[in-house]
Amino acid sequence: AKPHLDKLSRHTGEAVHLVIQDGVDIVYIYKAEAGAGLGGMRMSSHVGLRIPMYCTGVGKAILATQSYGEAERVWRKSSIRALTAHTITDFDAFIEQLKRVRMAGYAIDDEENELGIRCVALAIPGPGGKADSAFSISGLAPYMTPERIRRIAALALETRADILRDLGVQGV
């Protein structure tokens with residue numbers, strides 16, 4: 001995935017992260033940063049960082065590929081708390097978000113984990129469609145407008161197709 005994520009970062013000018021699921025958390029395993037991004041600021045994220053799934057775009061993207069029961073298990077085992085005023089802390093609202101992710105093909109973190117940061121996130125599903133990894137494009141909220149999010153999501157969907165093709169995963 002690395003060359004594709006590096007290209008996506010250069011193309012968008014934003015930080016791109018690759019994560020894996022580890023229990024009820026995600027762990028950052030790769031980060032590409034093309035520069036300071038549109039807002040002139042570098043992201044504080046780093047490889048090895050562990051964050052709960054429920055409050056991240058990448059976590060929601062991964063859980064949207066899994067069963068309702070798995071999403072509920074992750075929710076129940078997590079210490080749900082509002083990290084920002086935007087963090088989803090209601091299970092029914094969380095499930096609604098997962099439904100929207102399934103329909104759109106990507107998740108949004110709208111300042112749920114960190115104020116001032118919006119992310120577009122896509123799961124990288126395996127042959128059966130279930131994912132345990134995902135990637136995200138993160139930027140400062142004022143620059144991640146709905147129109148820019150749509151453009152980034154289109155690029156990210158192409159990137160995921162390229163990654164899946166390289167992995168030999170078909171028909172997902």
Side-chain angles (χ1 to χ4, degrees), residues 1-22 25-65 82-88 94 97-126 131-167 169 172:
K2 182 182 180 307
H4 300 293
L5 299 179
D6 289 343
K7 179 181 173 186
L8 183 60
S9 179
R10 284 190 308 273
H11 198 100
T12 61
E14 301 293 357
V16 174
H17 302 95
L18 178 64
V19 306
I20 57 169
Q21 180 178 358
D22 185 22
D25 297 330
I26 54 97
V27 177
Y28 289 78
I29 61 171
Y30 182 70
K31 177 180 179 180
E33 201 161 25
L38 282 178
M41 186 178 125
R42 288 195 172 271
M43 301 286 299
S44 62
S45 57
H46 60 275
V47 171
L49 182 64
R50 174 181 292 274
I51 300 176
M53 292 183 81
Y54 75 91
C55 61
T56 62
V58 283
K60 290 186 288 185
I62 290 169
L63 287 172
T65 71
L83 301 178
T84 75
H86 304 279
T87 307
I88 296 169
F94 180 71
Q97 282 264 314
L98 296 184
K99 288 177 184 175
R100 283 197 287 271
V101 172
R102 286 184 191 109
M103 287 180 9
Y106 60 90
I108 301 292
D109 173 344
D110 188 11
E111 301 184 76
E112 295 163 54
N113 181 58
E114 186 177 350
L115 277 179
I117 303 294
R118 282 197 183 108
C119 304
V120 176
L122 285 80
I124 304 173
D132 60 5
S133 63
F135 66 94
S136 66
I137 304 91
S138 304
L140 294 175
Y143 300 99
M144 296 292 274
T145 62
E147 176 54 34
R148 187 153 187 263
I149 285 173
R150 282 190 289 280
R151 287 194 316 266
I152 287 174
L155 290 170
L157 287 163
E158 290 174 19
T159 299
R160 177 173 63 192
D162 292 341
I163 292 168
L164 292 173
R165 186 185 61 249
D166 284 1
L167 292 173
V169 177
V172 187

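The shortest non-hydrogen separation linking Met53 to Ile62 is CE-CG2, 3.7 Å. Contact record, Gln97 with Ile88: CG-CD1, 3.2 Å, taken as the closest heavy-atom pair. Pairing each heavy atom of Thr84 with each of Glu112, the nearest pair is OG1-O, 3.6 Å. In terms of heavy-atom proximity, Phe135 sits nearest to Ala156 at CZ-O, 3.4 Å.
Rounded to the nearest 0.5 Å, atoms CG (Leu122) and CG (Leu8) are 9.0 Å apart. One distance of note links CD1 of Ile152 with CG of Leu157; it measures 12.0 Å at 0.5 Å rounding. Taking CZ of Phe94 as the start and CG of Leu63 as the end, the distance is 5.0 Å to the nearest 0.5 Å. Between the NE2 atom of His4 and the OG1 atom of Thr159 there is a distance of 8.0 Å, given to the nearest 0.5 Å. In this structure, CD on Glu14 lies 12.0 Å from CG on Leu155, to the nearest 0.5 angstrom. To the nearest 0.5 Å, the span separating OH on Tyr54 from CG on Asp25 amounts to 10.0 Å.
Thr65 places a side-chain N or O within 3.5 Å of a backbone atom of Ala131 that can act as its donor or acceptor partner. Judged by distance alone, the side chain of Arg160 and the main-chain N or O of Ala123 form a donor-acceptor pair under 3.5 Å.
Under the side-chain contact (heavy atoms from CB on, under 4.5 Å) criterion, Asp6 pairs with Lys2, Arg10, Tyr30, Ala32, not counting sequence neighbours. For Asn113, the side-chain contact (heavy atoms from CB on, under 4.5 Å) partners two or more places apart in sequence, or in a different chain, are Ile51, Cys55, Thr56, Leu83, Asp109. In terms of the side-chain contact (heavy atoms from CB on, under 4.5 Å) criterion, residue partners of Ala64 (sequence neighbours excluded) are, by chain and number, Leu98, Val101, Arg102.
The number of heavy-atom neighbours closer than 6.0 Å to NE2 of His86, taken from other residues, nucleotides and ligands shown, is above 12.
Side-chain contact between Ile108 and Arg100 is absent, with no heavy-atom pair separated by less than 4.5 Å. Under the 4.5 Å side-chain criterion, counting only non-hydrogen atoms from C-beta, Glu147 is in contact with Arg151.
The side-chain contact (heavy atoms from CB on, under 4.5 Å) test with Val19 singles out one residue from Asp132, Ile124, Val58, and that residue is Val58.
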